[in-house]
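Have a look at the structure below, then the notes.
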There are 2 protein chains.
Amino acid sequence: MTIYRKKSAQQSTSPSADAPRAAIVHRLKGADRREDILNHASRLFLTYGIAGTSTRMIANAVGISQPSLYAHFATKEALANALSARAFSSLESLIGRIRTADIPAPARLEAMIRGYIGFALDQGAAYRIAFMLEGPMHEVEAFNPDILPGMQAFASFRDEVALLQQEGHLREGSTDHLAQSLWASMHGLCALLLARPDFPWGDVEAMIDFHVEIILAAYQNKA
Amino acid sequence: MTIYRKKSAQQSTSPSADAPRAAIVHRLKGADRREDILNHASRLFLTYGIAGTSTRMIANAVGISQPSLYAHFATKEALANALSARAFSSLESLIGRIRTADIPAPARLEAMIRGYIGFALDQGAAYRIAFMLEGPMHEVEAFNPDILPGMQAFASFRDEVALLQQEGHLREGSTDHLAQSLWASMHGLCALLLARPDFPWGDVEAMIDFHVEIILAAYQNKA
DNA sequence: TACGCCATCCTATCACTGATAGGTTACTAG
DNA sequence: CTAGTAACCTATCAGTGATAGGATGGCGTA
C-alpha cells in the first residue's frame with residue numbers, strides 16, 4: 001500500500017524566511033515591545049494561521065531573537081490569548097458604542113447583530129482563538145485572565161438583551177437562555193464562514209442578510 | 001519583566017507513555033490495520049485533543065512504530081480527515097434514517113435538528129475536524145475526498161429541507177439560504193458548547209431545548 | 001516443496017518546533 | 001561614575017511530523 005503525499009506548499013518562499021531580522025535593533029520598553037509583538041503576530045496569524053506561525057517567524061518579523069518573546073509571553077498560547085483579549089476588548093467597546101448610540105430599539109438589535117458578524121469576519125484570527133480553538137478537553141483550566149474580555153463582551157451583550165427584553169422588544173423567557181441562544185445563532189454563521197470559506201456559499205452577503213432577518217424574526221416579541 | 005510559566009500538566013503520566021507497545025505484534029492486512037489506527041486515534045483525539053495527540057502516541061496505542069502510520073495515511077492531517085469522513089458517513093446515514101423513518105413532517109424536522117446536535121456533541125473530535133478546525137486561510141485547497149462525506153451529509157440535509165419546504169412546512173424563499181441558515185443555527189450551539197465547555201451555560205439540556213424551540217419557530221411556515 | 005514477490009514493519013535520522021539556561025549589553029537611578 | 005536591572009543574545013533541549021532505506025514474513029506460483 002502506497003500513499004502519495006500532497007506536495008507541500010510554501011517551498012521556495014518559506015514562511016520561516018519572513019522578513020529577515022532588522023540590521024539595527026532598537027531596544028524598546030517592555031510594554032512597547034509587547035504591543036510590537038502582538039501587532040506582528042496578529043498579521044502572521046491571519047496569513048498563515050496560528051499553528052502555521054512559528055515563534056521564530058514572529059521573532060524575525062519583530063526583529064528580536066525567538067527566546068526574547070518569552071520575556072513578554074509565557075507560552076505561544078499565552079501570546080494568542082493576549083491577541084484574543086485585545087480583539088475582544090474592541091468588540092466590547094463596539095457593543096458599548098452601539099448600546100449608547102441613539103438608535104431606536106428594534107434597529108439597535110439589528111445593529112448589534114450585524115456589528116457582531118462584521119467583527120467576527122474582520123478579526124478572523126482573534127475570533128478563532130476566542131471561540132473556535134481546540135482547548136484541553138478534560139482538564140479544567142485555572143482562571144485565565146485573557147478570557148475576561150470575551151466574557152465581558154458577552155456580559156455587555158447579555159445586558160443589552162435584558163434591556164431589550166424589559167422594553168418588550170424581545171420574546172419572554174429566561175434572559176440567559178435568550179442571550180446564549182442569540183449568541184449561538186450569530187456565532188454559527190460566523191464560525192461556518194470562517195472555517196469553510198471554500199464551501200459553495202453562493203452570495204455570502206445575501207446569505208448573511210437572510211440569516212439576520214431570520215434571527216430578528218425569531219427572537220423579537222411576537223406581540 | 002518576568003513572566004511566570006503555568007506549570008505543565010501531565011507531568012508524571014506523560015501522554016507519550018500511553019499504552020506501551022504490545023509485546024507481540026501481529027501483522028494485519030492494510031484495511032484492518034487502517035481501521036485499527038482510526039479507532040485508537042479517535043479515542044486519543046477525544047481525550048487529548050488533536051494537537052495534543054502525537055503520531056507516536058497513536059503508534060504506541062496501536063502497537064506499531066510511528067513511521068508505519070505513514071503507510072496508511074500520508075500525513076497526520078490526512079488521518080484526522082479520514083476520521084472526520086468516517087464520522088460524517090454515520091451522520092449522513094443518521095439523516096437518511098430519520099428521513100425514511102415514519103415520522104410526520106413537523107416532528108421530522110425536530111428529530112433532524114436534535115439528531116444533528118446529539119451527533120455533534122457525541123462525536124466532538126470528528127465534528128471539530130470537519131467544521132471547527134483552522135484550515136489554510138488564503139490557500140485554496142485542492143479537491144479533498146475526505147470532505148466529501150460532510151458535503152454529502154449536508155446535501156442530504158438540504159434535500160430534506162427542500163422536501164419540507166415543498167410540503168409547506170418551512171417558510172418560503174431560497175432553499176439554499178434556508179438550509180445554510182438552519183445549519184448555521186444548529187452549528188452555532190454545538191460549536192460553542194464544544195469550544196467553551198467551561199462557560200457557565202447553566203442547564204445545558206434546557207438551553208438546547210430552548211434553542212431548538214426557537215429554531216423550529218423561526219424556520220417553520222407562518223401560514 | 002521451493003522460490004520470489006511485496007506488503008508490512010522496523011531503526012535511524014531529518015529539519016523544525018516550543019521552550020529553557022545562562023551569559024552579555026545598554027539604559028538609568030543614585 | 002557606578003551599581004542594578006531590564007532587554008536581549010547564543011546555545012541547547014526534548015519532542016514533533018515526516019523521510020530513507022533495510023529487514024521480515026506470508027502467499028501465490030512453479
Side-chain angles (χ1 to χ4, degrees), chain A residues 1-11 14-18 21-37 41 44-45 48-81, chain B residues 1-11 14-18 21-37 41 44-45 48-81:
Chain A
M1 181 183 300
T2 305
I3 303 285
Y4 292 96
R5 185 128 321 105
K6 76 171 181 184
K7 56 185 163 191
S8 62
Q10 305 285 359
Q11 190 175 354
S14 166
S16 56
D18 189 271
R21 185 91 66 79
I24 299 175
V25 176
H26 295 279
R27 291 199 170 202
L28 291 187
K29 291 210 164 175
D32 293 343
R33 184 60 90 196
R34 188 188 150 95
E35 283 303 304
D36 205 15
I37 292 170
L44 289 169
F45 282 173
Y48 301 110
I50 297 164
T53 302
S54 71
T55 53
R56 282 165 182 81
M57 288 164 67
I58 300 171
N60 279 345
V62 172
I64 59 177
S65 72
Q66 179 252 359
S68 290
L69 295 176
Y70 291 81
H72 302 270
F73 304 96
T75 63
K76 185 188 178 184
E77 187 189 351
L79 202 168
N81 285 339
Chain B
M1 180 183 300
T2 304
I3 303 284
Y4 293 95
R5 185 128 320 108
K6 77 170 181 184
K7 56 185 165 190
S8 62
Q10 305 283 0
Q11 190 175 354
S14 165
S16 57
D18 189 89
R21 185 92 65 79
I24 300 175
V25 175
H26 295 280
R27 290 201 169 198
L28 291 187
K29 290 210 166 177
D32 293 343
R33 183 60 89 197
R34 188 188 150 95
E35 283 303 303
D36 205 14
I37 293 170
L44 290 169
F45 281 173
Y48 301 111
I50 297 164
T53 302
S54 71
T55 52
R56 282 165 182 81
M57 288 164 67
I58 300 171
N60 278 347
V62 172
I64 59 177
S65 72
Q66 179 254 358
S68 290
L69 294 176
Y70 291 81
H72 303 270
F73 304 96
T75 63
K76 184 187 179 184
E77 187 189 351
L79 203 168
N81 285 339

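Every heavy atom of this structure was used, including side-chain atoms; hydrogens, water molecules and symmetry mates were not. All chains are named by letter (A, B, ...) in the order of the sequence lines, taking the proteins before the strands, and each is independently numbered beginning at 1.
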Could you tell me whether the side chain of B:Thr53 and the main chain of B:Tyr48 form a donor-acceptor pair under 3.5 Å?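 The answer is no, because no donor-acceptor pair under 3.5 Å joins these two groups.
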
Taking the side chain from A:Ser68 and the backbone from A:Ile64, do they hold a donor-acceptor pair closer than 3.5 Å?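 Such a contact is absent between A:Ser68 side chain and A:Ile64 backbone.
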
Among [options], find the nucleotide with the atom closest to the side chain of [X].
{"X": "B:Ser68", "options": "C:dC10, C:dG18, D:dC9", "result": "C:dC10"}
{"X": "B:Pro67", "options": "D:dG17, D:dA11, C:dT11", "result": "C:dT11"}
{"X": "B:Arg33", "options": "C:dC9, D:dA18, C:dG18", "result": "C:dC9"}
{"X": "B:Ser54", "options": "D:dT16, C:dG18, D:dT19", "result": "D:dT16"}
{"X": "A:Ser65", "options": "C:dC10, C:dA19, D:dC9", "result": "D:dC9"}

Please confirm whether the shortest side-chain N or O distance from B:Thr55 to OP1 or OP2 of D:dT16 is below 4.0 Å.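 The answer is no; no side-chain N or O of B:Thr55 sits under 4.0 Å from OP1 or OP2.
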
Let me know the distance between [atom1] of [X] and [atom2] of [N], rounded to the nearest Å.
{"X": "A:Ile50", "N": "C:dG18", "atom1": "CD1", "atom2": "P", "answer": "12 Å"}
{"X": "A:Leu79", "N": "C:dT17", "atom1": "CG", "atom2": "P", "answer": "15 Å"}
{"X": "A:Glu77", "N": "C:dG18", "atom1": "CD", "atom2": "P", "answer": "13 Å"}
{"X": "B:Leu69", "N": "C:dT8", "atom1": "CG", "atom2": "C1'", "answer": "13 Å"}
{"X": "A:Gln66", "N": "C:dA19", "atom1": "CD", "atom2": "P", "answer": "8 Å"}
{"X": "B:His72", "N": "D:dG17", "atom1": "NE2", "atom2": "P", "answer": "17 Å"}
{"X": "B:Asn60", "N": "D:dG15", "atom1": "CG", "atom2": "C1'", "answer": "13 Å"}
{"X": "B:Tyr48", "N": "D:dT16", "atom1": "OH", "atom2": "P", "answer": "12 Å"}

Check [X] against [Y] and note the closest heavy-atom contact, atom names and distance.
{"X": "B:Ile50", "Y": "B:Lys76", "answer": "O-NZ, 3.0 Å"}
{"X": "A:Thr75", "Y": "A:Tyr70", "answer": "CA-CE2, 4.2 Å"}
{"X": "A:Ala61", "Y": "A:Leu44", "answer": "CB-CD1, 4.0 Å"}
{"X": "A:Gly52", "Y": "A:Met57", "answer": "O-SD, 3.7 Å"}

Within this structure, what is the CD1-CD1 distance for the pair A:Ile58 and A:Ile37, rounded to the nearest 0.5 Å?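 Nearest 0.5 Å value for the CD1-CD1 distance: 8.5 Å.
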
C:dG18 base / A:Arg56 side chain donor-acceptor hit below 3.5 Å: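 Indeed, a donor on one side and an acceptor on the other fall under 3.5 Å apart.
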
For the helix from C:dT1-D:dA30 to C:dG30-D:dC1, measure the angle between the helix axis at one end and the axis at the other, each built from five pairs, rounding to 10°.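 Helix axis angle between the two ends: 0°.
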
